[in-house]
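Below: one structure, written as structure tokens.
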2 protein chains.
Amino acid sequence: MSRSNPRVLSTLERAGGFASAQEIYALMQRDGQQIGLTTVYRSLQSLLNDKIVDVLRREDGEAIYRLCGESHHHHLVCKSCGKTVEIEGGAIEKWAKNIASENGFRDVGHTAELFGTCSNC
Amino acid sequence: MSRSNPRVLSTLERAGGFASAQEIYALMQRDGQQIGLTTVYRSLQSLLNDKIVDVLRREDGEAIYRLCGESHHHHLVCKSCGKTVEIEGGAIEKWAKNIASENGFRDVGHTAELFGTCSNC
DNA sequence: GCACATATGAAAACGGTTGTCATTTTCACT
DNA sequence: AGTGAAAATGACAACCGTTTTCATATGTGC
């Protein structure tokens, strides 16, 4: 089992705590850090195992990783300009937990993303 | 521009209104309906255009299509056996609407999916 | 029947992700 | 320092879902 390469984590931080594997790889290349794409994927996998990062999916299916540990939050994204607002999801957390226990599920995670049109568009 | 093949839609209905392109294709094959994978994808694309179906992503990135139009609902999916429970999302709808108006967004849609481990797994 | 548009599906291309494997690095122990 | 085992690395190929291409089939209106 491989350990996470610390430079991957620090690049993810630098990216605003929200990026895909390919983006992290590109960022590191641009900075002149030499690393293989494979290692980026492996590091993210390992960070995921250790629950240092979360994964979710963009609309096109690409996996994006974000730091977790800080308060869990969701996003409100504008469909036309891409503007993104971070949302506190306290209500959702409770809802998820309730639904899960009602149905006998354990270890429940959730995704909740909102998208619409912002005031400027 | 291609039209949707009606057998694709009826297979999606038969699958419980919730399936991936590959699953629909497999289902049809098993039933002896001859169809190409390409046509399944194209039909789903067209159903999507016409807003007959919704698309969202499984955890592994595979796109799953569901009938929409019936009451909007969410899903609680077991990570290990795939068991799926349909969830009424009244609370979420309100939450989404509030958040949206607080931030000046219009035409807001949302995805919210829960996944965990069911009682049998 | 004939032209013209549309529908179809096999095969190839594509893009993100994962697996393979030979090489390099790390490190505990002499 | 020297050595050897274990872990990490990265080029490359395999994989898988999806999209594109293209040649063929099936209409549809004249």
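Residue numbering restarts at 1 for every chain, and letters A, B, ... go by the order of the sequence lines.
- Using a 30° and 60° split on the angle between ring planes, A:His74 and B:Trp95 fall in the perpendicular class, above 60°.
- When distances run from any side-chain atom of B:Tyr41 to the nucleotides D:dG10, D:dT18, C:dT8, the shortest one goes to D:dT18.
- Atom CD in A:Gln29 sits about 13 Å away from atom C1' in D:dA11, given to the nearest Å.
- No side-chain donor-acceptor contact under 3.5 Å links B:Glu23 and B:Tyr65.
- With rounding to whole Å, B:Leu48 atom CG is found 14 Å from D:dT19 atom C1'.
- A side-chain N or O of B:Tyr25 and one of B:Gln29 form a donor-acceptor pair less than 3.5 Å apart.
- In this structure, CD of A:Gln34 is placed 13 Å from C1' of D:dA8, rounded to the nearest angstrom.
- Cluster membership for B:Leu56 and B:Leu48, using ILVMFWY side-chain heavy atoms within less than 4.5 angstrom, is not shared.
- Remark: the B:Thr38 side chain and the C:dA10 base include a donor-acceptor N/O pair separated by less than 3.5 Å.
- OP1 or OP2 of C:dT8 has at least one side-chain nitrogen or oxygen of B:Asn5 nearer than 4.0 Å.
- Across all strands shown, B:Glu23 has no heavy atoms under 4.0 Å from either base or sugar-phosphate atoms.
- Distance CD (A:Gln33) to C1' (D:dG10): 16 Å, rounded to an integer number of Å.
- Nearest to the side chain of A:Ile35, among C:dT17, D:dG10, C:dA7, sits D:dG10.
- Look at A:Thr39 and you won't find any side-chain N or O under 4.0 angstrom from OP1 or OP2 of D:dT9.
- In the set D:dT19, C:dG9, C:dT17, the nucleotide with an atom closest to the side chain of A:Gln22 is C:dT17.
- Within 6.0 Å of CD on A:Glu59 lie no more than 12 heavy atoms contributed by other residues, nucleotides or ligands.
- In this structure, B:Glu59 places its CD atom 16 Å from P of D:dG17, rounding to the nearest Å.
- Between the base of D:dG10 and the side chain of A:Arg42 there is a donor-acceptor pair shorter than 3.5 Å.
- One interatomic measurement links the two molecules: OH of A:Tyr25 to P of D:dT9, which rounds to 14 Å at whole-angstrom precision.
- Atom pair A:Arg57:CZ and C:dG15:C1' shows a separation of 13 Å (rounding to whole Å applied).
- With rounding to whole Å, A:Asp60 atom CG is found 13 Å from C:dC14 atom C1'.
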